[in-house]
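Everything below concerns the one structure shown next.
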2 protein chains.
Amino acid sequence: MHNDQREVVVKSLSRKTLSKQVEEQVIQLLVSGQLKPGDKLPTEMELLEKLEVSRPVLREALSSLESLGVIKRKTREGTFFSEKISSEPFSVMLALSIGRIKEIIEARMSLELGLVTLAAEKITDQQLELLRENIDKMKTADDSYPSYDREFHQIIALTVNNNVVAGMIDSLLIAFDKMSAEIQIRHPKTTIEHHEAIFSALQKRDPHAAFAAMYQHLDFVRQKILFEGDRLN
Amino acid sequence: MHNDQREVVVKSLSRKTLSKQVEEQVIQLLVSGQLKPGDKLPTEMELLEKLEVSRPVLREALSSLESLGVIKRKTREGTFFSEKISSEPFSVMLALSIGRIKEIIEARMSLELGLVTLAAEKITDQQLELLRENIDKMKTADDSYPSYDREFHQIIALTVNNNVVAGMIDSLLIAFDKMSAEIQIRHPKTTIEHHEAIFSALQKRDPHAAFAAMYQHLDFVRQKILFEGDRLN
DNA sequence: TATTGTTTATTTGTAATACAATTAAATCAT
DNA sequence: ATGATTTAATTGTATTACAAATAAACAATA
């Protein structure tokens with residue numbers, strides 16, 4: 001950003017780095033409605049002229065926005081706003097929560113209690129069938145049951161069909177699996193019973209019952225996890 | 001990254017850009033446990049040597065991680081892993097959901113139904129007092145009641161004291177306010193009644209009742225919002 | 001001694017430039 | 001018309017140099 005008549009103003013506001021300011025200006029293209037998700041952004045060269053910053057600065061900003069899943073860059077094609085929120089940024093952020101299993105299970109509860117409620121409102125017969133199959137497979141597949149466990153919860157999350165929370169719950173379930181794998185808690189019998197109860201409530205399209213069943217389930221998981229956590233410390 | 005004996009391997013895996021690979025390697029410092037939240041990272045110069053990339057590439061990666069709230073850079077001091085997940089990345093990501101009010105209200109429901117349930121488990125008398133005051137102020141303050149409305153929900157979210165969801169619900173409430181401000185939906189009387197019901201359930205530390213009250217409240221909000229949304233289209 | 005002001009040196013921040021790699025689109029050959 | 005080839009536009013990477021901020025070291029003063 002060259003020194004010009006705005007120098008004083010720019011300097012006084014600029015606790016922020018240039019690349020941060022550029023990031024905000026690009027976001028502003030969305031907020032102001034000048035561009036929509038899916039639209040092509042100006043090329044780097046065009047942005048350089050408009051924003052009057054150096055290429056490294058511009059590219060730091062674009063790199064940041066790409067990590068946030070807001071834009072997607074393709075060599076030779078250009079840069080585009082994404083259509084929907086991505087799940088990658090969440091999983092990166094969750095690196096900060098490694099080892100804090102209580103934080104993770106509570107975040108899961110926060111999300112899944114609401115998700116199962118909304119799922120009960122709108123679940124389709126096909127989706128119910130997926131859950132049915134999942135539970136049945138879990139009953140037989142003795143060993144690799146954790147992956148079916150996760151799948152069960154993922155199906156419910158997908159049922160709600162909400163981009164904003166989809167990425168987050170996915171990352172959370174994966175993070176939870178990684179961390180709980182070390183603790184090695186397995187209660188197949190109880191898990192299956194709980195899943196059956198949740199399924200039954202969803203089948204009735206009963207939001208309150210679905211909530212109650214999920215609450216009982218996750219409360220059980222939380223108690224086991226936290227008990228083990230204490231035992232290991 | 002210089003051409004050396006690993007060239008073939010590097011090339012074959014590298015659909016990803018170098019800066020993306022660097023980003024992952026830095027995250028790996030956390031995942032592997034070599035560094036913890038709050039720890040200082042090596043300086044840029046040290047990282048340049050270890051990772052064998054150019055400075056712009058390294059800085060693109062660090063800029064990305066800073067936007068994700070995973071690291072924080074201070075001139076002259078260095079670069080540090082953050083202690084906890086930040087809210088900024090969420091609000092940036094939500095720029096993609098501008099105008100999609102249904103997506104936002106459903107995301108709010110997903111989160112807040114669970115949050116109020118957990119809040120009922122652990123709310124303190126002081127926090128109840130905050131809610132009490134909030135409702136009372138809302139009753140008198142006729143005009144600026146939307147800000148009190150948001151504050152009510154924020155207090156509940158803060159009660160749960162979970163870093164992972166805190167940033168998300170905050171960004172969601174702000175995004176919701178911005179978007180619903182244009183629609184101009186106001187039902188002060190009903191809102192206050194609902195808030196009273198939620199408060200009452202929280203006071204009893206009754207998770208199920210808290211959920212039910214919040215569900216009724218947000219379901220009402222959703223219906224009004226979606227009805228107005230349809231009417232305007 | 002303690003306190004304040006000054007200098008220094010370290011680290012991140014910004015810029016300019018050059019070239020590489022990718023690949024959609026244009027061109028050419030069959 | 002179809003397939004192969006070339007071209008050119010765009011993002012990706014590297015190098016170098018200098019600017020800005022500021023913690024730490026140091027000096028001056030009370």
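Naming: A, B, ... by sequence-line order, numbering from 1 per chain. All values below come from the heavy atoms of this structure, side chains included, with hydrogens, waters and symmetry mates left out.
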Measuring from the side chain of A:Leu18 (C-beta onward, heavy atoms only), which nucleotide among D:dA21, D:dT15, C:dT14 has the closest atom?
C:dT14

Side chain of B:Glu44 - closest among C:dG13, D:dG12, D:dT10:
C:dG13

For A:Arg59 and D:dG12, is the shortest distance between a side-chain N/O and OP1 or OP2 below 4.0 Å?
yes

Under a 4.0 Å N-O cut-off, is there an ion pair linking B:Glu24 with B:Lys16?
yes

Kindly say if A:Arg76 contacts the phosphate of C:dA21, meaning a side-chain N or O under 4.0 Å from OP1 or OP2.
no

Any N/O donor-acceptor pair, A:Arg55 side-chain to D:dG12 base, under 3.5 Å:
yes

Ion pair B:Lys122/A:Glu106, N-O distance below 4.0 Å
yes

Hey, is the side chain of A:Arg73 poking within less than 4.0 Å of OP1 or OP2 on D:dT10, counting only N and O atoms?
no

Atom CG of A:Leu62 and atom P of D:dT10: how far apart are they, to the nearest Å?
14 Å

Report the residue (A:Val57 or A:Glu77) whose heavy-atom-nearest nucleotide on DNA chain C is the more 5′ of the two.
A:Val57

Of B:Leu130, B:Leu131, B:Ile123, which is the lone residue that meets side-chain contact (heavy atoms from CB on, under 4.5 Å) with B:Ile156?
B:Leu131

Determine whether the side chains of A:Ser63 and B:Ser63 contain a donor N or O and an acceptor N or O closer than 3.5 Å.
no

Under 4.0 angstrom between A:Ser54 side-chain N/O and C:dA15 OP1 or OP2:
yes

Is B:Thr79 close enough to C:dT12 that one of its side-chain N or O atoms is under 4.0 Å from OP1 or OP2 there?
yes

To the nearest angstrom, the CG-P distance between B:Leu48 and D:dA14 comes to 10 Å

